[in-house]
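Notes for the one structure printed next.
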Amino acid sequence: MEKEQKSVQLPGDIILGGLFPVHEKGENTPCGPKIYNRGVQRLEAMLYAVDKVNNDSQLLPNIRIGVQILDTCSRDTYALNQSLQFVRSALNTLDTSLFECADTSKPKMKSNVTGPVFGVIGGSYSSVSLQVANLLRLFHIPQISPASTAKALSDKTRFDLFARTVPPDSFQSIAMVDFVKKVNWSYLSVIYSEGSYGEYGYEAFHKEATERNVCIAIAEKVPSTADDKVFDAIISKLLKKPNAKGVILFTRAEDARRILQATRRANMTHPLHWVASDGWGKQSQLVEGLEDEAEGAITVELQSEYIPDFDEYMFGLTPETNQRNPWFEDYWQDTFACVLEKNYPLEVKEGTEAPKVCDTAARLSEKVANYEQESKTQFVVDAVYAFAYALHNLHNDLCVKGQPKSKQEMYRQTGGICREMGSYDGFEFYKNYLLNVSFIDLAGSEVKFDKQGDGLARYDILNYQKLNNSSGYHYKVVGKWKRELELNLQDVVWNHASELPTSACSLPCEAGMIKKQQGDTCCWVCDNCEEYEYVYDEYTCRDCGDGRWPHDDKLSCFDLEIQYMRWETIFALIPLAFSCIGIIVTFIVIGLFLKNHDTPLVRASGRELSYMLLVGILLCYCNTFVLLAKPTLGTCVVQRFGVGVGFSIIYGALLTKTNRIARIFLSASKTAKRPSYISPRSQVVITISLIAIQVLITMIWMIVEPAGTRFYYPSRKEVILKCNIQDMSFLFSQLYNMILITICTVYAVKTRKIPENFNESKFIGFTMYTTCIIWLAFIPIYFGTGNSYEIQITTLCVSINLSASVALICLYSPKVYILVFHPDKNVRKLTMNSAAYRKGGSSGPTGGIGTTSSYGPGAAAGGHFAASFKSSNAEQSPVMNAKNGSMGNSGVAMEAFKEPSSPALTSNTTIYNTPVHQQQQQQHLQKKNSIVMTTHDAKETQTTVSVASTDDDEINAEHAEAVVLL
C-alpha cells in the first residue's frame, strides 16, 4: 500500500467507510501541513475496533470487515468531495440478476479490494457530518458519527440515515447552563465557530439560557477563515463588557487555542473565566504553552471511559510496523519533534538548525510523548461495534435463518455474506437493525440509540488546574451530568481568583425590590416596591389590595387585623363612664318624679313632657353602648334609630314646651281666649308627631343606604370595621334634629323676658344655647377626625352625652333641688315672688303705673282668688264679672281658666269694687308677695279680678297669670 494514496484501505467481505480529521485545515489549501492529533487517534481507534471484531469468533464469524478511511482535513467541503469515493463503491452493490452475459452466464463483478461500502463512521465535526449525511442518504448508506453533536442532526426528516454514539448539543447546552446557574452567573459572553457545530451549539445554548434567565452580553462568531486580527477584535469586544466575566465557548479546538493566544496578546488585567464545550474538552495540546490563560477553565466532555487495551495497541505502533496508516509517519514525527531517517533531507540550509533524527527505539507513552487517550476513542469503537452487531443480526436473519440447513452450515464454515445481505437496502438496515442494537462496550458502558439515532447523554465537568505541589496542569473531574448536574464546587479552581467570581451585569435585588431594565437584558437597577405592594415577579410589583399587607419578604400578602372600638381602650372607657353616670342620675331623677308624681312642682312642670324628656335623655346615654359595640347589622340599625330618635325626643319635647309658653303669652297679650292645643294630651301628641318625622327620615335613610357593616381604610395599613354610614349621610340624618334645636333656640330667645315665675323657659334657653355650642364644636371635630375612628367615635359619644347632660342638668336640677332639699316650697302659689317685671318705662308726669297682685286670704283656704290693680286715677273703677266676662269702661274681656292643680281657687269668685273693700283688700295683698308692673295706660285704676278654676287643666294658672300680667 502506497502512502501517497492518502487513504486507509483494508479488504473485507463488508466495507465500512471512515471520515476523520487527520490534518488541520489549511489557509489557502483544503488541508494544512499540521497533523491533528485527535484525528489520528480516532482513525487508529477504528482500525483497532475492526481488528477486535475480526478476531471475535462470536461476532460475525468468518466474515471479515474491511475499511476505507479518508481524511476530511477539518473542512466540510473537502469532506463532501472525499465522500464521493463511498458513493462509487456503493454503485458496486447493483443487483447482477438484472444482467446476463452473451453466453447466458451470470455476470461477475470486477474484483475490488475494498468491496461495497455498507456504512460510514464519521465525521467528527458537525459541519462535516451535515454535508456528508445529505449525500449518503441519497444512496441509502447509513452513517454513525462518534463526535458530531449538532442538534440539527436529530431531525429525521432531513437526516434519516444518520446516527451517533454521542448525544446532541442540546444536552451539552443544558449541562453548561446548569453549571452557569449553579455558580449564579447571569450575564455571559459567547464565542462560537462558524459552521454547524458552533452555530447549532450556540442556538441551543441561547434558547436554554433565555428560558432560565441567563443573558448574553455579546455573541461573537469566529469565521472559518479568521486570522489573528479577527481574534484580537473579538477579545477587544469582550473587554467592553467587563461585568460579563464568564465566557462560553462553542468552538473547534483550533479556534479555542487561538482565542487563548489573543487573550495573551491583550495582556488583560482582569482574567476571563472560560466555560467550553467538548470542542475543547480535555485536550492537552490545545492549552500547551497557554496554561496561565487557560487556568480555571471549565470544560464539558462526553463521559468516556478509558480503554486500557487501546493504549497498549497505540504503544505498540511504530512507523515501521504501522504501514496501513499513511499518515502515521507524519504523526510520529510531529509527536516526537523529529524526522525519520528515510525522510531526512539531503542537505540543510545554512543558518538553520539540522532536524533531529527520530530514535528507532522511541515508543509512544504517557511520559515520553505526553500521550493521552483521546476522549472520543470510546465512541469510535462503539460506532464500529454498533455496525458489527447490526450486521451480525442481519446476517443471521438473511443468511442463516432464512436459508436451508445446507447453506446455513456452509456460511458458518466458509463465511462470507449471502446475496440477500449484499443487496439489502441500507434504509431498512438502519431502521430495523442499526437503531435497535444494544450492548455493553469494551469499557463497560451501555450503548444504544434513541428513536432519533442519538446516543445516551453523559458528560464529565472538567476543571483545568495546577497539579498539587507541581508546576504542571491537568484536567480534574469536578462534576458529572446525566439529566442533572452533580458538581463539587469546593474542588473548582478559578483563574486568578480565590473566590467564586461574579458574572452579572447587575447584582440581585434585595427583598421587596424589582428590576428595571436598562440597556442589556440582564442589566437593571433595583427599585423598591411600595410598602403595600408585593413582588409579583422580578419585574413587577402588585398591590396587595385593601385590607392586606405584604410579608417581610415581600413575596406574598396577609390579611390585616380588623380594627374596631375595643371596650378596654381609654377611648371607650371615658364615654362609658360618662354614660353610666348619666344613666344613674337619670334614673334618680325619674325616681324622684315618680315619688313626687302628684306634687304641685311635678304637676306644674308638665309631667308627660317631663317623662318624655327623661326617656330621650336616657336613650342618648344608652347610645354610647351601641356606638362602642362591635359593628354588626343589629348594632348598626340601632345606631341609626337610637341617635336620631333620642335627640328628636329631647328637642321635640323642648320645642313643644317653648312653643306652648310662647303661644300662651302671645295670645294673652291679644285676647283672653285660651290658645288651642296647649293641653297635656295635645302636647304629647305634638311631641310624638315630631318624633315620628325623625323615625320616617331614618327609615327612608335605611332604604337609600341599607344598614350593614363596611371596611374603612384610612390608610393602607389599617382596616376598620364600621357601620355602613357615610359621614355626610349621618350629618344629613341629623339635619332634622338641628332644625328642632334651631327652632327651640329661637323660642328660647323670644321667651327670655317671661317673669321668674316661669323661669323654666330661661333654663330651656340656657339648654339650647349650650347645645348649639356643643354641636357647633362637634361637627368640625367629627369630620376632622375621620381618619381616627377611635377619636371620632369618642367625640360622637361625648357630644351626645354632653347634649343629654345639659338638658338633664339645666332642666331638672332646680326641680330636684326643691324636691330633695326644700320640699316645703313644693306648694301651689300663683305668685310673682315679689319680683318686678317691666315691659316699658314711665308714662307722663305721674310716673310709672304701680300694679300689685297677690293671692287673697281666702285663696289658701279654698276661697276667692283676687287680683288687685292699683291705679293713681281712682275715678274709674271698672268691675269685671268672671261669669259674664264683662268689664265696665275698660273694655277688657277676661276669661276664667281652670286650674286643676290649684284646689285653693274656687269656681266662683266675687269681685268687690267698693272703695272700702278695695282699700282693705289692697292692704291685705300688700302683706303678700307682690309684683309691680308698668303699663302704658295713662290712667291709674284699681281692679280686683276673681278667676274661676277647676281641676281639669294644669296650664290654666300660667295662662291666667299671663292674662293678668299683660
Side-chain angles (χ1 to χ4, degrees), residues 1 5 7-20 40-70 86 89-90 92-93 111-122 141-144 146 165 307-318 321-328 376-400 408-418 421-422 424 426 429 433-434 437 439-443 447:
M1 182 186 313
Q5 289 177 297
S7 66
V8 177
Q9 293 186 357
L10 298 178
D13 300 308
I14 299 173
I15 303 299
L16 293 179
L19 292 171
F20 298 102
V40 175
Q41 276 205 47
R42 292 175 189 178
L43 183 152
E44 290 296 341
M46 181 176 177
L47 294 176
Y48 162 81
V50 169
D51 291 343
K52 296 285 288 185
V53 171
N54 288 337
N55 294 329
D56 190 342
S57 60
Q58 301 299 320
L59 186 61
L60 290 175
N62 298 318
I63 297 177
R64 188 172 185 80
I65 295 178
V67 299
Q68 184 178 5
I69 303 175
L70 305 173
F86 301 143
S89 299
N92 294 332
T93 61
S111 177
N112 190 325
V113 293
T114 60
V117 175
F118 213 90
V120 174
I121 295 176
I141 301 176
Q143 176 186 359
I144 299 179
T165 52
I307 303 177
D309 191 47
F310 177 73
D311 288 343
E312 295 298 324
Y313 167 80
M314 289 295 293
F315 293 161
L317 295 177
T318 64
T321 59
N322 189 9
Q323 293 296 316
R324 59 184 180 178
N325 183 353
W327 301 288
F328 192 76
K376 298 295 191 300
T377 298
Q378 178 187 7
F379 302 109
V380 176
V381 174
D382 290 345
V384 174
Y385 269 88
F387 267 117
Y389 278 107
L391 290 169
H392 180 84
N393 295 334
L394 177 65
H395 181 264
N396 284 339
D397 290 344
L398 298 182
C399 302
V400 179
Q408 292 180 14
E409 188 64 26
M410 179 186 68
Y411 284 123
R412 288 194 182 98
Q413 293 179 0
T414 61
I417 61 174
C418 58
M421 184 176 176
Y424 193 74
F429 170 72
Y433 292 93
L434 194 58
V437 297
F439 59 93
I440 303 300
D441 65 7
L442 300 180
V447 179

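Here Y424 pairs with nothing under the ring pair (Phe, Tyr, Trp, His ring centres under 6.0 Å) rule; sequence neighbours left out. In terms of the side-chain hydrogen bond (donor to acceptor under 3.5 Å, both in side chains) criterion, residue partners of Y433 (sequence neighbours excluded) are, by chain and number, D397. Shown here are the side-chain hydrogen bond (donor to acceptor under 3.5 Å, both in side chains) partners of S57, two or more places apart in sequence or in another chain: there are none. Annotation: ring pair (Phe, Tyr, Trp, His ring centres under 6.0 Å) contacts of Y385 (sequence neighbours excluded): none. Applying the ring pair (Phe, Tyr, Trp, His ring centres under 6.0 Å) test to F118 and every residue at least two apart in sequence or in another chain returns F429.
For the atom pair CD1 of I63 and CE of M421, the computed distance is 5.0 Å after rounding to the nearest 0.5 Å. Between the CD atom of Q68 and the CZ atom of F86 there is a distance of 5.5 Å, given to the nearest 0.5 Å. We find the CD1-CG distance between I65 and L59 to be 7.0 Å, quoted to the nearest 0.5 Å. Atom CG of L16 sits about 9.5 Å away from atom CD1 of I69, to the nearest 0.5 Å.
Between M46 and I121, the closest heavy-atom pair is CE-CD1, 4.0 Å. When every heavy atom of Q378 is checked against every heavy atom of A443, the shortest pair comes out as NE2-CB, 3.8 Å. The two residues Q58 and H392 come nearest to each other via the heavy atoms O-CE1, 3.3 Å. Taking each heavy atom of Q41 and F310 in turn, the nearest pair found is O-CZ, 3.8 Å. Of all non-hydrogen atoms in T318 and F328, the two that sit nearest each other are C-CE2, 3.5 Å. Closest of all the heavy-atom pairs between L434 and P142 is CD2-CB, 4.1 Å.
Using a 4.5 Å heavy-atom cutoff, the side chains of Q143 and L19 are not in contact. L47 is listed as a side-chain neighbour of L10, based on a closest heavy-atom distance under 4.5 Å. In this structure the side chain of L391 never reaches within 4.5 angstrom of the side chain of I417, judged on heavy atoms. Contact of the N322 side chain with the R324 side chain is registered, since non-hydrogen atoms from C-beta on lie closer than 4.5 Å. With a 4.5 Å cut-off on side-chain heavy atoms, D441 and V381 do not count as touching. For the pair V437/F387, no side-chain contact is recorded, criterion being any heavy-atom separation below 4.5 Å from C-beta on. Residues I307 and Y48 are in side-chain contact: their nearest non-hydrogen atoms beyond the backbone lie under 4.5 Å apart.
Remark: the backbone N or O of F379 is paired with a side-chain donor or acceptor of T165 at under 3.5 angstrom. For the pair N54 (side chain) and R64 (backbone), a donor-acceptor distance under 3.5 Å is absent.
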* To do: Could you walk me through whether W327 and L43 pass the side chain to side chain contact (heavy atoms under 4.5 Å, CB included) test, one step at a time?
  => CA-CA 10 Å; W327 301 288; L43 183 152; 3.6 Å; yes
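Identified under the salt bridge (charged side-chain N to carboxylate O under 4.0 Å, His left out) test for residues 52-62, with sequence neighbours left out: K52-D309.
A side chain to side chain contact (heavy atoms under 4.5 Å, CB included) with V384 holds for exactly one of V67, V50, I144, D51; it is V50.
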